[in-house]
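Note sheet for the following structure.
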Amino acid sequence: MKMPKNGDQSHDINFLPTLKRIFRLGYYREGVIAQFFYVGAQIMCWTFIIQYGTRVFMAEGMEEQDAEVLSQQFNIYAMMFFIISRFICTYLMKWLNPGLMLLIFGTIAMVLVCGVIGFESRLGVYCLVGVSGCMSLMFPTIYGIALEGLGDDAKFGAAGLIMAILGGSVLPPLQAMIIDQGTVMGFAAVNISFILPFVCFVVVAIYGYRMWMMKKA
């Protein structure tokens, strides 16, 4: 079959004016920020579950290699939970405002991360797996809210949101620096390091709240 004609071929690309125009929109500008922190949180939670779980399982008496293998299995469980939760969240969005859902799941993620920080047993690992269920709706929901109503500017807007995945390369090294300390103020550094994902989920929850209030106004 013939490919459809590209209807945008005659459009001029005015990069700077378009960029200025879309960044004047608070819901878009804040969406880029929220996406930056969300992707950072996702990469941190999925990367450092290995270090976190290994420490927990070794404390139970397991050999380091076996502890790492088991931690990797929990990482797979986290990703599976992420996928299952995506379908559940999509179904719930028939009745709940997307901003409200970001607020709810961002808040639940914050509570679970507090468990990750506070527990030094398998409960912390379970909390970390649970965080993945909260993350499942965040990227597409932030993406959709931030692009709503942009019209022809949506292409540039989408590019900005995709560039926000830079958070996934900026924030994890910061967490790794904390983990490398071994202990922080007498606490296990790997536990304390999850303060960074906590902060990220605070940003996401605030964005969800603001967008929910905007829709209600």
Side-chain angles (χ1 to χ4, degrees), residues 30-82 85 102-103 105-139 142 161 163-209:
E30 293 173 22
V32 173
I33 295 171
Q35 199 74 291
F36 176 91
F37 282 97
Y38 160 67
V39 176
Q42 184 190 65
I43 300 302
M44 286 188 285
C45 289
W46 283 359
T47 299
F48 297 112
I49 190 174
I50 306 297
Q51 284 79 0
Y52 186 92
T54 298
R55 179 183 178 279
V56 169
F57 300 138
M58 286 181 67
E60 295 178 351
M62 196 174 292
E63 295 294 329
E64 182 175 1
Q65 185 174 357
D66 294 333
E68 288 179 355
V69 171
L70 185 56
S71 298
Q72 290 168 354
Q73 290 179 3
F74 273 95
N75 196 19
I76 294 172
Y77 298 152
M79 294 181 185
M80 291 172 61
F81 190 30
F82 179 93
S85 181
L102 274 180
L103 172 60
F105 281 86
T107 303
I108 296 173
M110 289 159 55
V111 173
L112 289 172
V113 172
C114 286
V116 174
I117 297 170
F119 293 126
E120 296 192 357
S121 63
R122 289 200 182 205
L123 283 176
V125 180
Y126 298 150
C127 286
L128 193 47
V129 171
V131 170
S132 285
C134 299
M135 294 192 298
S136 65
L137 91 157
M138 292 181 180
F139 187 97
I142 295 170
L161 288 162
M163 288 175 66
I165 65 175
L166 180 66
S169 62
V170 172
L171 297 177
L174 298 179
Q175 186 176 9
M177 289 172 62
I178 298 174
I179 294 174
D180 286 343
Q181 301 304 309
T183 58
V184 177
M185 296 182 294
F187 296 95
V190 67
N191 289 56
I192 298 298
S193 72
F194 279 89
I195 289 175
L196 289 180
F198 179 86
V199 172
C200 293
F201 290 126
V202 169
V203 174
V204 172
I206 290 174
Y207 180 67
Y209 174 76

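Looking only at side-chain heavy atoms (C-beta outward), Phe105 and Val204 stay at 4.5 Å or farther from each other. Under the 4.5 Å side-chain criterion, counting only non-hydrogen atoms from C-beta, Cys127 is not in contact with Val113. Using a 4.5 Å heavy-atom cutoff, the side chains of Ser193 and Phe48 are not in contact.
For the side-chain hydrogen bond (donor to acceptor under 3.5 Å, both in side chains) condition, no pair includes a residue of residues 182-192, sequence neighbours left out. Residue pairs meeting the salt bridge (Lys or Arg N to Asp or Glu O under 4.0 Å) criterion with at least one partner in residues 70-80, sequence neighbours excluded, do not occur; the list is empty. The list of side-chain hydrogen bond (donor to acceptor under 3.5 Å, both in side chains) pairs with a residue in residues 37-49, not counting sequence neighbours, reads Tyr38-Gln42, Trp46-Ser132. Judged as a salt bridge (Lys or Arg N to Asp or Glu O under 4.0 Å), the pairs with a partner in residues 33-55 (not counting sequence neighbours) are, in order, Arg55-Glu120. Listed by first and then second residue, the salt bridge (Lys or Arg N to Asp or Glu O under 4.0 Å) pairs involving residues 30-54 are Glu30-Arg210 (not counting sequence neighbours).
The two atoms that bring Pro197 and Cys45 nearest to each other are CB-SG, 4.0 Å, heavy atoms only. Smallest separation of non-hydrogen atoms from Ala189 and Val184: CB-CG2, 3.9 Å. Across every non-hydrogen atom of Ala164 and Val32, the tightest pair is CB-O, 3.5 Å.
Residues passing the side chain to side chain contact (heavy atoms under 4.5 Å, CB included) test with Thr54 are Ile50, Met58, Glu64, Ala67, Glu68, Ser71, sequence neighbours excluded. In this view, Tyr77 and Phe74 satisfy the ring pair (Phe, Tyr, Trp, His ring centres under 6.0 Å) rule, not counting sequence neighbours. Legend: residues meeting ring pair (Phe, Tyr, Trp, His ring centres under 6.0 Å) with Tyr207, ordered by chain and number and at least two apart, are absent. Taking the ring pair (Phe, Tyr, Trp, His ring centres under 6.0 Å) definition, one finds that Tyr52 meets it with Phe194, sequence neighbours left out. Every residue meeting the side chain to side chain contact (heavy atoms under 4.5 Å, CB included) condition with Ser136, not counting sequence neighbours, appears here in chain and number order: Phe82, Ser85, Arg86, Cys89. With sequence neighbours excluded, the residues forming a side chain to side chain contact (heavy atoms under 4.5 Å, CB included) with Leu196 are Met44, Leu174, Gln175, Ile178, listed by chain and number. Checked against side chain to side chain contact (heavy atoms under 4.5 Å, CB included), Glu60 has the following partners two or more places apart in sequence or in another chain: Val56, Phe57, Arg122.
For Met79, the CE atom is densely surrounded, since the number of other residues' heavy atoms within 6.0 Å is greater than 12.
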Q | Working for side-chain contact (heavy atoms from CB on, under 4.5 Å), residues Leu171 and Cys200 | A | CA-CA 10 Å; Leu171 297 177; Cys200 293; 3.6 Å; yes

Q.
Let's go through Ile165 and Phe139 carefully: what are the C-alpha distance in whole Å and the side-chain angles of both, what is the deciding distance for side-chain contact (heavy atoms from CB on, under 4.5 Å) to 0.1 Å, and is it a yes or a no?
A. CA-CA 10 Å; Ile165 65 175; Phe139 187 97; 4.0 Å; yes

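Put simply, CG on Leu137 and CG on Leu102 are 5.5 Å apart, with the number rounded to the nearest 0.5 Å. Interatomic distance, Leu70 CG to Asn75 CG, rounded to the nearest 0.5 Å: 11.5 Å. Rounding to the nearest 0.5 angstrom, the gap separating the CG atom in Leu112 from the CZ atom in Phe201 is 9.0 Å.
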